[in-house]
Amino acid sequence: MTFGATVRAVTKSRLIPTRAALTLTPAAVKKVSDITNRQQCQGLKVSVKTRGCNGLTYVLDYCDYAAKFDEVVEQDGVKIFIDSKALMTLIGTEMDYTSDKLTSEFVFNNPNVKGTCGCGESFSV
């Protein structure tokens, strides 16, 4: 027994636009741009490692290319490569950069986080 198939030409696209997994604030865009220009790399890679009091922590590395299953976020001329294992924990996150007299750091405002440790370095989802 054989089955037939029908092909239809689609005249207008039905694609639904998606949001980026990670958005950057203007301060984060500027800092990532400064870092990538100084280090002569394509962007920064964000991954999540098992570490700390609460289980997970963010890790940032220089990156020149996306690995096989990495998500690439391009915003305002900078690239952020998201490790495939970290993608589900980062969806909807805003990446910011803050600097004051004591610290300068990237801050991840993540709506998926259920708890953080006292120092704010590790989190759980």
_Are Thr23 and Met95 packed together at the side-chain level, in the sense that at least one heavy-atom pair is separated by less than 4.5 angstrom?_
no

*Are the side chains of Gln75 and Val29 in touch, meaning some heavy atoms are under 4.5 Å apart?*
yes

*Give a yes or no on whether Val78 and Phe106 share a hydrophobic cluster (residues Ile, Leu, Val, Met, Phe, Trp, Tyr; joining criterion: side-chain heavy atoms under 4.5 Å apart).*
yes

*Taking the side chain as every heavy atom from C-beta outward, state whether Val48 and Lys85 have any atom pair closer than 4.5 Å.*
no

*Does any donor atom in the side chain of Thr25 or Asp96 lie under 3.5 Å from an acceptor atom in the other side chain?*
yes

_same_hphob_cluster(Phe108, Ile91) at 4.5 Å side-chain heavy-atom cutoff_ = no

*4.5 Å side-chain heavy-atom contact, Asp83 and Phe69*: no

*Where do Leu87 and Ala21 come nearest, in terms of heavy atoms and distance?*
CD1-CB, 3.6 Å

*Please round to the nearest 0.5 Å and tell me the distance separating atom OG of Ser33 and atom CG of Asp76.*
10.0 Å

*asked:* Less than 4.5 Å apart, side chain to side chain, heavy atoms only: is that true for Val46 and Val59?
replied: no

*Trace of the side chain to side chain contact (heavy atoms under 4.5 Å, CB included) decision for Lys45 with Leu60*: CA-CA 6 Å; Lys45 183 167 189 167; Leu60 293 169; over 6 Å; no

_With a 4.0 Å cut-off on N to O distance, would you call Asp34 and Arg38 a salt bridge?_
no

_Side-chain heavy atoms of Tyr97 within contact of Ser104, under 4.5 Å_ = yes

*asked:* Test side chain to side chain contact (heavy atoms under 4.5 Å, CB included) on Val73 and Ile82; report intermediate values, then the result.
replied: CA-CA 8 Å; Val73 175; Ile82 302 174; 3.8 Å; yes

*Tell me, with the steps shown, if Ile80 and Leu24 meet side chain to side chain contact (heavy atoms under 4.5 Å, CB included).*
CA-CA 9 Å; Ile80 301 293; Leu24 286 79; 4.0 Å; yes

*State the CZ-CG distance between Phe81 and Leu44, to the nearest 0.5 angstrom.*
9.0 Å

